[in-house]
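Take a look at the structure set out below.
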Amino acid sequence: MYRILIALFLTVTVQAGGYTHEQNLSCSGRAHFNVTLTAYYPDFTSENESDYLDSRGKKLRALQDFIDGRAEYVTVAMDHIEKLPYGSTICVPELNEHFRRMIPLQVRDHGLNLRSKGFSRLDICVRTEADSYDNAVNRVVTLYTQT
């Protein structure tokens, strides 16, 4: 089996406060192609804590909370992969390009629907059910890992 390491280089020009600067949206590492990205959201009405907490009982961090500046990372869920321990950072260039900024994704959750999916499936935490219908978070993407 061959390991393919790829770097995807995306640069976005950002204007803020009258200044223009370039923002690097690159992903590097091992590329996993044709990954199905789907959204999930916390269900605070549930009696099951796994519906609103991550695999270690910590608060889920939603994409919209990161974009609003209320979270330092976004919680994602994957199959349990030993090479990707809790808190591993991964990169999805399609999300970076869509939101025109680096989206720091951390693997902090797992689900029964992800069991035995390996790198072929990735769930991203969003704030609400309405947010879960966004095409930006329900699509086929490329996933970059450091493994």
Side-chain angles (χ1 to χ4, degrees), residues 1-14 22-147:
M1 177 179 231
Y2 296 98
R3 284 184 68 157
I4 299 174
L5 295 178
I6 297 176
L8 177 68
F9 299 101
L10 298 170
T11 304
V12 173
T13 302
V14 178
E22 301 254 327
Q23 186 174 9
N24 183 355
L25 304 179
S26 300
C27 291
S28 63
R30 183 173 181 206
H32 304 272
F33 300 97
N34 298 319
V35 176
T36 302
L37 175 67
T38 57
Y40 74 109
Y41 57 93
D43 179 3
F44 296 107
T45 63
S46 174
E47 292 181 18
N48 185 351
E49 288 184 345
S50 67
D51 289 336
Y52 55 88
L53 299 175
D54 73 15
S55 64
R56 292 208 179 156
K58 297 188 179 186
K59 179 182 173 185
L60 296 172
R61 306 292 183 192
L63 174 63
Q64 292 73 18
D65 291 334
F66 170 76
I67 291 176
D68 291 347
R70 293 189 265 175
E72 295 179 13
Y73 61 87
V74 178
T75 302
V76 294
M78 291 183 66
D79 187 7
H80 181 73
I81 298 170
E82 287 185 29
K83 293 180 182 179
L84 284 176
Y86 179 87
S88 292
T89 300
I90 60 174
C91 188
V92 174
E94 294 87 348
L95 288 175
N96 297 346
E97 185 175 359
H98 179 81
F99 292 103
R100 301 180 60 84
R101 65 177 79 184
M102 288 297 290
I103 305 295
L105 306 173
Q106 290 190 13
V107 181
R108 291 178 170 258
D109 210 1
H110 307 287
L112 293 175
N113 60 327
L114 301 170
R115 191 168 286 157
S116 300
K117 299 292 184 187
F119 292 101
S120 69
R121 176 84 185 275
L122 176 66
D123 286 0
I124 185 168
C125 181
V126 296
R127 190 180 293 157
T128 66
E129 180 179 3
D131 294 322
S132 74
Y133 298 115
D134 186 347
N135 288 335
V137 292
N138 291 287
R139 59 192 284 196
V140 175
V141 298
T142 306
L143 168 65
Y144 286 82
T145 64
Q146 298 305 311
T147 62

[X] versus [Y], closest heavy-atom pair with distance:
X	Y	value
Ala31	Tyr144	CB-CE2, 3.7 Å
Pro93	Thr142	CD-O, 3.3 Å
Ile103	Asn96	N-OD1, 2.9 Å
Ala77	His110	CB-N, 4.1 Å
Val137	Leu95	CG1-CD2, 4.3 Å
Ala136	Leu37	O-CD2, 3.9 Å

Go through it in stages, so that I can follow the logic: the residues are Asn113 and Asp123, the test is side-chain contact (heavy atoms from CB on, under 4.5 Å), and I'd like the CA-CA distance, side-chain angles, deciding distance and then a yes or no. CA-CA 10 Å; Asn113 60 327; Asp123 286 0; 3.5 Å; yes
Starting from the C-alpha separation in whole Å, work towards a yes-or-no answer on side-chain contact (heavy atoms from CB on, under 4.5 Å) for Ser88 and Thr145. CA-CA 9 Å; Ser88 292; Thr145 64; over 6 Å; no
Going by salt bridge (charged side-chain N to carboxylate O under 4.0 Å, His left out), name the pairs with one or both residues in residues 46-66, residues two or more places apart or in two chains. Asp65-Arg127
Using modelled atom types and a 3.5 Å cut-off, is there a donor and acceptor pairing between side-chain atoms of [X] and backbone atoms of [Y]?
X	Y	answer
Asp131	Thr128	yes
Ser55	Arg108	yes
Gln146	Thr89	no
Asp79	Ile81	no

side-chain hydrogen bond (donor to acceptor under 3.5 Å, both in side chains) assessment of Asn24 paired with Ser26: CA-CA 6 Å; Asn24 183 355; Ser26 300; 2.4 Å; yes
Write out all pairs satisfying ring pair (Phe, Tyr, Trp, His ring centres under 6.0 Å) with one or both partners inside residues 45-66, taking only residues at least two apart or from two chains. Phe44-Tyr52
Tell me, yes or no, whether the heavy-atom count around Arg115 atom CZ, taken from other residues, nucleotides or ligands under 6.0 Å, exceeds 12. no
Within the 4.5 Å heavy-atom criterion, are Phe99 and Leu25 side-chain neighbours or not? no
Check the pair Leu122 / Ile90 against side-chain contact (heavy atoms from CB on, under 4.5 Å), numbers first and verdict last. CA-CA 11 Å; Leu122 176 66; Ile90 60 174; 3.7 Å; yes
